[in-house]
A.B. asks: 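Would you mind keeping the following structure in view while I ask a few things?
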Amino acid sequence: MRTPVAWFNSIEQPRRTAAAVGGIAFALLLIFMQAGFLGAARVNVSIIYQALDFDLVIHSRAYLTLPRSDPFDRLRLIQAVSVPGVGSVTRFLTDSYGWRNPATGSTAGGFLLGVPADSKAFVDPEINRQLATVRPTLTALVDRKSRPSYGPWEVGGRCLINDQPVLITGSYDLGLGLLADGSAVVSDETYERLMGPWNSRYANLGLIKVAPGADVAQVAAALRERLPADVVVTTKADIIRREQHYFVNVKPVGIMFQVGVVVAFAAGAAILYQILASEMNNRLGEFATLKALGYPAAKIYGIGIQQGLIYALLAYGPALVLATLLYDVARRLSGFPLYMDLGRAGFVLGLALIMCAFAAVLSLWKIRKADPASLF
Amino acid sequence: MSLPPPREVAVEIAGVNHHFGKGEARKQVLFDNSLVIRRGEIVIMTGPSGSGKTTLLTLIGTLRGIQEGSIRINGQELAGLAPAAQVQMRRNIGFIFQAHNLLNALTARQNVRMAIELTDAPRARYDQIANEMLGAVGLSDRASYKPRNLSGGQRQRVAIARALVNKPRLILADEPTAALDKDSGANVVRLLRELANNHGTTVMIVTHDARIINVADRIVNMVDGHIVSDVRIKETMIICAILKKCSVFKEMSPSDLTDIAQKMAEERFTAGENIIRAGDVGDKFYVIASGETDIIAETATGTRAVAKLGEGDFFGEVALLKDQPRNATVSARGDVTVYSLSKENFLAAVRSHKSFEDQMSAMLFTRG
C-alpha cells in the first residue's frame, strides 16, 4: 500500500484537526438542520393530503394552497359522481378556526376539517371508525398532536370552537406543525354550524376514489372533460407536489430554509477553505520536496483534495449523529415532522463532498507556489 | 596511480547563462558556464555565497527551466523539456537539501518510502528497502520516529537515505554534511563513494565542509557566476607527479604545478594514431598519463621508431621553446591518455616562472 500522506497530514496535529473538524461539523450541522426543516416542511404542508384517502381531487380553479382553498359549488361533486370510473366522491371542507379551552381559557388557532360522518375519507381506519361518533352536531375529534396552547383536554370533555361549545368524542394523531396549532375533524353538518350556514352550498375539495379496476388517468381525463372550467381535477401526487412547491418556493419561510442551506454550505466551504489554505501554506516546503522527488503535480494536488475529503468525512459523522439527536429534540418540542432519512443523510454527504471539492480547488492554487528550486 | 578507464558523460553543461528578475531588475547570475562531468565522478562545487553554484545545481536538477545554453543529463537535453518529462527526469536524481525537508507527518521509514514508491519496486518490499537504507545511514533504531523526535543530524541522515535509496544516476547535494558530526559525515561520504564506484552514480556536492574534500574527484570553483576553476583531483595529482619527476619542474611549488595542471586538457588516442607529426608547427606540450607511444623519426636507415615513451613521460616542449616545427612523430602504441598544455599557456608559465625558464633551458641543453 502506498503511504497515505493526506491521512497522516490530517492527523499529525490532533488539536488542530479537531478544531478544523469541529468547524466543518458545525457547518454541516447547520446544513442538516436547515435541510431538515425544509424536508419537514415539505412533509408537513402535505400532511392533510397524506392523511386523506383519495385518488383524484377536485378543487377550485382559484385554489392556491389548502389553507387558502377557495370553495366551489358542491354541485360539481354531484356531476362528478356520474362520470364513468368514479367510485366515490367525498365532500371535504376546511378553514381555520378559533379554539378556546373552557377549563383554562387558553386560546389557539387550528384547522377544521369537515367530512360526511358516514364517509371513509381518511387513510387511517381508526379515524374513519371514529367518524361515526361525530354524527351528532357539535361533536368533534381533536388532534392529539395539537400544540400545548390548546390546554388540557380529553375525550368526553368540551371545548369551544369559534366560541361554540363542542363535545370531544374522539381523537387522532396528525400534527399540523407549521400549518396550524392543531386541528379538529367534524361532520359536514357541524362544520356548517361552526363556520357558517353558507358553507352548505360549497366544498373546498372533492375527494374522489376511482372504481376498482378503473384507470386513474383516464378517470381524471373524463372528469376534466365533464366538469366546468371553474374546477380543476388533480391526482393525489400532483396536488401534494403543488402544495410542497408553493410552500418551498413561494412562501417566505420555505425560501428562508433554502437560503439557510445555501448559507450554511457557504460557511462550511469558507471554513474548510481556511483550514485547507492554512494547511497547504504550512506544507509548501513539503509539497516542493515531493515535486523535487519527482511526484507529478496531479498527485500533489490529490493530497490536498484528499485532505479536504478527510476533514469533510471526519466532520460528517459527528454532524450526522448530532443532527439526528437535534431532530429528535426539535420534533418532541415542536411536533414538527423532523426525521433523519437516508435521502437527507445522502444529500448532506453530497453537499459535504461538493464543499470539499469547492474549498480544495480554491486552496490548491497555493500548491502551485511550491517551488522545488527554493529548497536549495 | 593510473587513470580510470574513460566513462560516458553524465552531465554536459554548455554555454549556460541564467538571469533572475525582469525588466530593470533583471540580473545575470550565470555567465557562459560549461562543464563536463563523467559517470561515477564526485564533483565538489565551491565558491562564495551568491557565486551561482546553487543556481547551477537547480538547473541540472531540472528544478528550474534553462534560459540560455544547454544541459544534457545522460544524453537527455534539459532545455525545452516538457514539464512532465522534467518530473520524470527528477526521479533519476537524488536531492539532498541542506534543510532536510522531510515530511513532518511521516516517520523516517515512510519518508524514505516516498522515494521508493516512485519506482517499480514491489509494494511488499517498500518497508524492507527503506529499513535497509536507514540501516546504511545508521538509523535502524529510528525508523519509526517522526522528524520532530529526531535530532538535526538524524533528520539529515533520513533525507540522505531518501535521496540514495533508489540508487539514482545523479545525486545533487547542498551541504549534505553540514548538520552531521564527524563520524556521521564520514559515513555519508562513504555511502556516496560506494554509489559512485559501484553504481556509477554521479555526485555533485555544494559544500564548504573541508572534511569531505578528499572524497572529490573534481573540485569546481565558481565566482560571480563563472566557473573559474575545475580541478580534477586525480588527474591533477597524476600530472603533478609526472611534472615533478622531470628535473625542469621539480623546483616548482605544488601550487604552481597545480596551476599548470589545471590548464592541461585530457586527450585520448587509440593505437596507431599520431599525437604529433614531424614537420607540424608545435602548438602543445604533452605529458603521458597512461599508455605507451613510439617516437618515430627520420634516420639514415629510413623512418622508424627510435624510442618509446610511457606513463609519466612528457614531450613536445622543444618545438614550443624554439618555435620550430616538430622534429619527430609521436604515435600511440595502444590506448593512450595524455594531458596537453597549449603553447600560449606553456610559454606564459615559462615567462612567469623565471627559474622554470632557466630549468627549461637547462633541460634543452641536456637534450641537445
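So you know, we letter chains A, B, ... as the sequences are listed, proteins then strands, and number each from 1.
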A.B. asks: Could you check whether atom OH of A:Tyr295 has more than 12 heavy atoms from other residues, nucleotides or ligands sitting under 6.0 Å from it?
C.D. replies: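 Atom OH in A:Tyr295 is crowded, with more than 12 foreign heavy atoms closer than 6.0 Å.
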A.B. asks: Between A:Leu290 and chain B, which part of the residue has a heavy atom less than 4.5 Å away: side chain, backbone, both or neither?
C.D. replies: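 Contact with chain B is through the side chain of A:Leu290 alone.
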A.B. asks: Counting only heavy atoms not in A:Lys251, do more than 12 sit closer than 6.0 Å to its NZ atom?
C.D. replies: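 No, because the 6.0 Å sphere around NZ of A:Lys251 holds 12 heavy atoms or fewer from other groups.
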A.B. asks: Can you list, pair by pair, the side-chain donor-acceptor contacts under 3.5 Å of residues 311-318 of chain A, counting residues two or more places apart and other chains?
C.D. replies:
residue: A:Tyr316; atom: OH; partner: A:Ala345; partner atom: O; Å: 2.5

A.B. asks: Please determine, among B:Asn166, B:Asn104, B:Leu106, the option with the most heavy-atom pairs under 4.5 Å with chain A.
C.D. replies: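 Max contact count across the listed options: B:Asn104.
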A.B. asks: Inspect the surroundings of CZ in A:Phe26 and state if more than 12 heavy atoms from other residues, nucleotides or ligands are less than 6.0 Å away.
C.D. replies: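 For A:Phe26, atom CZ is not crowded (no more than 12 foreign heavy atoms under 6.0 Å).
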A.B. asks: Can you see which heavy atom on A:Asn9 is nearest to which on B:Ala105, and at what distance?
C.D. replies: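 Reported closest heavy-atom pair: OD1-CB, 3.3 Å.
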A.B. asks: Please check if the number of heavy atoms outside A:Asn282 that lie under 6.0 Å from its CG is greater than 12.
C.D. replies: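 Correct, the count exceeds 12.
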A.B. asks: What part of B:Leu57 lies closer than 4.5 angstrom to a heavy atom of chain A: side chain, backbone, both or neither?
C.D. replies: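 For B:Leu57, the side chain is the part near chain A, not the backbone.
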A.B. asks: Would you call B:Glu117 and A:Lys299 a salt bridge, using N to O less than 4.0 angstrom?
C.D. replies: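 No.
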A.B. asks: Report, in residue-number order, which members of residues 119-129 of chain B are under 4.5 Å from chain A by heavy-atom distance.
C.D. replies: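 Contacts with chain A: B:Arg123, B:Tyr126.
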A.B. asks: Flag the pair B:Phe97 / A:Thr289 as yes when at least one side-chain heavy-atom distance between them is below 4.5 Å, and no otherwise.
C.D. replies: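 The answer is yes, as the side chains (C-beta and beyond) meet within the 4.5 Å cut-off.
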A.B. asks: Rounded to the nearest 0.5 Å, how far does CG of B:Leu103 lie from CZ of A:Phe287?
C.D. replies: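 The CZ atom of A:Phe287 sits 8.0 Å away from the CG atom of B:Leu103.
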A.B. asks: Does atom CZ (A:Arg15) have a neighbourhood of more than 12 heavy atoms from anything else shown, all under 6.0 Å?
C.D. replies: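 Check fails, neighbour count at 12 or below.
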A.B. asks: For chain A, which of B:Met89, B:Glu175, B:Arg148, B:Arg113 has the most heavy-atom pairs under 4.5 Å?
C.D. replies: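 Highest number of heavy-atom pairs under 4.5 Å: B:Arg113.
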A.B. asks: What are the two closest non-hydrogen atoms of B:Arg90 and A:Gly294, and how far apart are they?
C.D. replies: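 Distance-wise, the nearest heavy atoms are CB-CA, 4.1 Å.
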A.B. asks: In Å and rounded to the nearest 0.5 Å, what is the CD to OG1 distance from B:Gln110 to A:Thr3?
C.D. replies: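 Reported value, rounded in 0.5 Å steps: 5.5 Å.
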A.B. asks: Is it the case that over 12 heavy atoms from other parts of the model lie below 6.0 angstrom from the CG atom of A:Leu333?
C.D. replies: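 More than 12 within 6.0 Å, yes.
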A.B. asks: Can you tell which of B:Leu172, B:Thr58, B:Asn101 has the highest number of heavy-atom pairs within less than 4.5 Å of chain A?
C.D. replies: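 Winner by heavy-atom pair count: B:Asn101.
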A.B. asks: Contact part of B:Ile96 toward chain A, heavy-atom cut-off under 4.5 Å: side chain, backbone, both or neither?
C.D. replies: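 Contact with chain A involves the backbone of B:Ile96 alone.
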A.B. asks: Under 4.5 Å heavy-atom distance to chain A, tell me which part of B:Ile116 shows up: side chain, backbone, both or neither.
C.D. replies: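 The answer is neither part of B:Ile116.
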A.B. asks: Which bit of B:Asn92 is near chain A, if near means a heavy-atom gap under 4.5 Å: side chain, backbone, both or neither?
C.D. replies: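 Neither part, no heavy atoms under 4.5 Å.
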A.B. asks: With side chains defined as the heavy atoms from C-beta onward, is the minimum distance between B:Met114 and A:Glu286 less than 4.5 Å?
C.D. replies: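 Of all side-chain heavy-atom pairs linking A:Glu286 with B:Met114, none is under 4.5 Å.
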